[in-house]
Asks: 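Sending over a structure as structure tokens; questions will come in a sec.
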Amino acid sequence: MSTLDDKDFYESEDPIWNPALHTIPVPGIRKMVNLAASMDDVIHLSIGQPNLPTPPHILDAASRALYAGQTGYTMDAGLPELLEALANYYGRRYQRPLSPENILVTTGATEALYLALTATSAPGRQFIVPDPAFMLYAPLIRMNGGVVHHVPLRPELGYQLDPQEVIDAMDINTYAIVLNSPGNPTGTVYPRETVEAIVEEAAYRGIYVISDEVYDHLIYDGLTYPSVLSCCSDLDHVMVVSSFSKTYSMAGMRIGWLMASQGAIKKLRRYHMFTTTVANTPFQWAGVAALNGSSDFIDNMVAEYSKRRNRLIEWIDQAPYLTGYRPQGAFYLFPGLPEGVNAANVALRMLKEIGVCTIPGDAFGNAMPNALRISYSTTIAQLDQAFERMIPWLEKQDWE
């Protein structure tokens with residue numbers, strides 16, 4: 001039996017495949033991680049998931065659910081106990097009334113984004129998306145014929161989103177705006193004024209705001225997180241996505257959710273039934289335990305990641321050719337190389353020559369092909385070892 005590699009598939013003209021699949025790029029992250037897996041002594045600064053152990057009370061809840069026979073389907077919208085816990089949790093956090101009917105539990109935030117974007121995109125509909133951005137958004141929009149209008153995030157501004165540029169990009173064909181704060185790959189947190197300005201103008205024009213908030217608890221420097229939920233007057237033109245993956249180190253348990261108006265949730269429930277049917281039942285019970293348990297894990301996690309971020313900033317300040325900034329959230333930093341330097345080549349060479357795995361900027365859009373995503377979801381010791389390899393290597397380069 002013959003097999004096709006990624007390049008073969010994307011260049012194939014075999015008529016069996018839906019042409020929409022060609023809107024999905026070859027994943028840059030996957031290419032780097034797959035290559036690294038074939039090598040010895042690699043230090044990963046590429047991982048996009050927490051490296052802290054899942055809290056024991058969450059694991060215990062999943063185990064109890066399994067042994068209690070909670071292995072069948074839940075209601076299509078999700079486990080009622082989890083929907084209630086989520087409504088209560090977010091209602092308290094953002095001081096706004098939410099009901100279980102405002103929430104749909106999904107197979108991770110990935111399914112929630114898939115539902116939100118593919119259910120709303122259609123030929124001629126324009127979606128405003130920051131660049132750089134998480135790689136999922138643009139392909140999902142284009143799969144159904146939607147048009148992506150990129151608004152650039154500039155490194156000299158710490159990759160902050162200019163709300164006026166977003167507003168200026170809105171036109172009669174604009175259907176939705178995709179926000180991601182804290183951002184992947186930048187770790188940037190948009191201030192309340194930015195979120196409010198975009199949400200208010202979008203509501204006035206009848207444009208949806210689809211907000212990816214999976215890193216909403218990884219916030220540093222004492223900042224108060226401005227969720228779209230806390231910046232909108234109602235839920236009529238917003239969809240907010242989150243999950244347990246980053247907050248409680250539950251990435252492989254695949255429990256996410258989407259919050260929106262009751263009318264939108266009703267429509268998306270029908271779509272959800274034809275995608276994954278329901279999310280994983282035992283791990284939905286684990287999610288109930290996470291929400292009802294202590295916040296100590298989150299507090300300790302934020303303190304630990306803040307230390308790692310600070311160490312990474314110090315290393316980037318010492319490294320030749322890398323230009324950094326101070327991210328306020330998530331666990332990524334997206335330093336720039338000199339203009340004109342191809343970060344994809346740099347990342348590949350660093351992996352092969354010194355065994356340090358990073359992700360090049362072109363995996364996240366076209367705006368920053370000279371940037372590298374560095375994840376500090378690793379130990380400080382690993383960060384130190386990585387830069388002890390990287391700095392001498394960078395010093396040998398001639399990019400002036």
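These numbers come from a predicted model, not from an experiment. For the numbers below, each heavy atom of this structure counts, side chains included, while hydrogens, waters and symmetry mates do not. Sequence positions, counted from 1, serve as the residue numbers for this chain.
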Asks: Can you list the steps and then say if E193 with E196 is a side-chain contact (heavy atoms from CB on, under 4.5 Å)?
Replies: CA-CA 5 Å; E193 311 87 75; E196 285 181 342; 5.5 Å; no

Asks: Using modelled atom types only, decide if a donor and an acceptor are shared between the side chain of S249 and the backbone of L52 within a distance under 3.5 Å.
Replies: yes

Asks: Please check if the side chain of Q284 supplies one atom and the backbone of L79 the other of a donor-acceptor pair under 3.5 Å.
Replies: yes

Asks: Against L351, only a single residue in T358, V346, V42, I43 fulfils side-chain contact (heavy atoms from CB on, under 4.5 Å); can you say which?
Replies: V42

Asks: Would D162 and R154 count as a salt bridge (charged side-chain N to carboxylate O under 4.0 Å, His left out) if you check the C-alpha gap in whole Å, the side-chain angles of each, and the deciding distance to 0.1 Å?
Replies: CA-CA 9 Å; D162 183 339; R154 296 177 176 83; 5.5 Å; no

Asks: Using modelled atom types and a 3.5 Å cut-off, is there a donor and acceptor pairing between side-chain atoms of K246 and backbone atoms of G48?
Replies: yes

Asks: With heavy-atom distances below 4.5 Å as the criterion, would you say the side chains of P132 and T186 are in contact?
Replies: yes

Asks: Could you tell me if the side chain of T323 sits less than 4.5 Å from the side chain of P335, heavy atoms only?
Replies: no

Asks: Centres of the F274 and Y271 rings: under 6.0 Å?
Replies: no

Asks: For the pair Y94 and Y90, name the ring-plane relationship: parallel under 30°, tilted 30 to 60°, perpendicular over 60°.
Replies: parallel

Asks: How close do S245 and P50 get, counting heavy atoms only, and between which atoms?
Replies: O-CG, 3.6 Å

Asks: One pair to check against salt bridge (charged side-chain N to carboxylate O under 4.0 Å, His left out): R205 and D171. What are the steps and the verdict?
Replies: CA-CA 9 Å; R205 298 185 186 216; D171 64 27; over 6 Å; no

Asks: Using the six-membered ring wherever Trp is involved, compare the ring planes of Y248 and H217 and label them parallel, tilted or perpendicular (cut-offs 30° and 60°).
Replies: tilted

Asks: Establish whether W393 and L312 are linked, either directly or via other cluster members, by ILVMFWY side-chain heavy-atom contacts under 4.5 Å.
Replies: yes

Asks: Decide whether Y215 and S181 meet the rule of one side-chain donor and one side-chain acceptor closer than 3.5 Å.
Replies: no

Asks: Could you measure the distance from the CD1 atom of I207 to the CE atom of M170? Nearest 0.5 Å is fine.
Replies: 5.0 Å

Asks: Please check: side-chain N/O of Y376 versus main-chain N/O of L45, any donor-acceptor pairing under 3.5 Å?
Replies: no

Asks: Please work out whether the ring planes of F387 and W315 are parallel, tilted or perpendicular, with thresholds of 30° and 60°.
Replies: parallel

Asks: Roughly how far, to the nearest 0.5 Å, is CZ of R308 from CD of E304?
Replies: 4.0 Å

Asks: Hey, does the side chain of T188 reach the backbone of G183 with a donor-acceptor pair shorter than 3.5 angstrom?
Replies: no

Asks: Run the ring-centre check on Y159 versus Y325 and record whether the distance is less than 6.0 Å.
Replies: yes

Asks: Is a side-chain donor-acceptor pair under 3.5 Å present for T174 with Q126?
Replies: yes

Asks: What I want to check is whether the side chains of N144 and R125 have a donor and an acceptor closer together than 3.5 Å.
Replies: no

Asks: Would you say S63's side chain and L59's backbone share a donor-acceptor pair under 3.5 angstrom?
Replies: no

Asks: Do the side-chain N and O atoms of E111 and T275 include a donor-acceptor pair separated by under 3.5 angstrom?
Replies: yes

Asks: Between L136 and L117, is the side-chain contact (heavy atoms from CB on, under 4.5 Å) condition met? List the steps.
Replies: CA-CA 10 Å; L136 201 66; L117 292 171; 6.0 Å; no

Asks: Let me confirm one number: the CZ-OG1 distance from R311 to T379, rounded to the nearest 0.5 Å.
Replies: 10.0 Å

Asks: Would a distance-only check, ignoring hydrogens and angles, find a side-chain to backbone donor-acceptor pair under 3.5 Å from Q328 to V189?
Replies: yes

Asks: Side chains of Q262 and N102, heavy atoms from C-beta outward: is any pair under 4.5 Å?
Replies: yes

Asks: Does a donor on one side chain and an acceptor on the other come within less than 3.5 Å for R349 and Q397?
Replies: yes

Asks: Is there a continuous path of hydrophobic side-chain contacts, each under 4.5 Å between heavy atoms, that joins M390 to I47?
Replies: no

Asks: List the atom of Y332, the atom of P185, and the distance in Å for their closest heavy-atom pair.
Replies: CB-O, 3.2 Å

Asks: Considering all heavy atoms of both residues, which atom of A197 and which atom of I167 are nearest to each other, and what is their separation?
Replies: O-CD1, 4.1 Å

Asks: Does a side-chain heavy-atom distance below 4.5 Å link T120 with Y208?
Replies: no

Asks: V147 versus I141: any side-chain heavy-atom pair under 4.5 Å?
Replies: no

Asks: Hey, quick one: are M75 and V288 part of the same hydrophobic cluster, counting side-chain heavy atoms closer than 4.5 Å, chains of contacts allowed?
Replies: no

Asks: Have N88 and R93 got a donor and an acceptor in their side chains that come within less than 3.5 Å?
Replies: no

Asks: What are the two closest heavy atoms between I177 and I198, and how far apart are they?
Replies: CD1-CG2, 4.0 Å

Asks: Taking the basic N atoms (NZ, or NE/NH1/NH2) and the acidic carboxylate oxygens, is any pair closer than 4.0 Å for R326 and D221?
Replies: yes

Asks: With a 3.5 Å distance limit and no angle check, can you tell me whether S230 reaches the backbone of S227 through a side-chain donor-acceptor pair?
Replies: yes

Asks: So, do L372 and F334 sit near enough that their side-chain heavy atoms are less than 4.5 Å apart?
Replies: no

Asks: Is the side chain of R373 donor-acceptor paired with the backbone N or O of N184 at a distance under 3.5 Å, no angle test?
Replies: no

Asks: I need the minimum non-hydrogen distance between R96 and C232, along with the two atoms involved.
Replies: NH1-O, 2.9 Å

Asks: If Ile, Leu, Val, Met, Phe, Trp and Tyr residues are connected whenever their side-chain heavy atoms lie under 4.5 Å apart, and connections chain through other members, are V105 and Y89 in the same group?
Replies: yes

Asks: Any chain of hydrophobic side-chain contacts (each under 4.5 Å) joining W257 to I298?
Replies: yes

Asks: Is the ring pair F127/Y175 parallel, tilted or perpendicular, if the boundaries are 30 and 60 degrees?
Replies: tilted

Asks: How many angstroms lie between CG in L348 and CE in M32, if you round to the nearest 0.5 Å?
Replies: 6.0 Å

Asks: Can you spot which of T74, I255, T281 makes a side-chain contact (heavy atoms from CB on, under 4.5 Å) with L82?
Replies: I255

Asks: Determine whether the side chains of S242 and E213 contain a donor N or O and an acceptor N or O closer than 3.5 Å.
Replies: no

Asks: Do the non-hydrogen side-chain atoms of V240 and D212 ever get within less than 4.5 Å of each other?
Replies: no

Asks: Charged N to carboxylate O under 4.0 angstrom, R389 versus D384?
Replies: no

Asks: Pick one: which of L104, T110, I103 meets side-chain contact (heavy atoms from CB on, under 4.5 Å) with T106?
Replies: L104

Asks: Taking C-beta and beyond as the side chain, do L153 and D131 meet within less than 4.5 Å on heavy atoms?
Replies: no

Asks: Are D168 and Q164 linked by a side-chain donor-acceptor pair shorter than 3.5 Å?
Replies: yes

Asks: Which heavy-atom pair separates V356 from A386 by the least distance, and what is that distance?
Replies: CG2-O, 3.9 Å

Asks: Report the distance from atom CG of L113 to atom CG of L258, rounding to the nearest 0.5 Å.
Replies: 8.0 Å

Asks: Would you sort out whether Y137 and N180 count as a side-chain contact (heavy atoms from CB on, under 4.5 Å), showing the intermediate values?
Replies: CA-CA 10 Å; Y137 311 138; N180 178 211; 3.2 Å; yes

Asks: Let me see the working for R142 and V148 under side-chain contact (heavy atoms from CB on, under 4.5 Å), right down to the final yes or no.
Replies: CA-CA 7 Å; R142 292 178 177 134; V148 177; 3.8 Å; yes

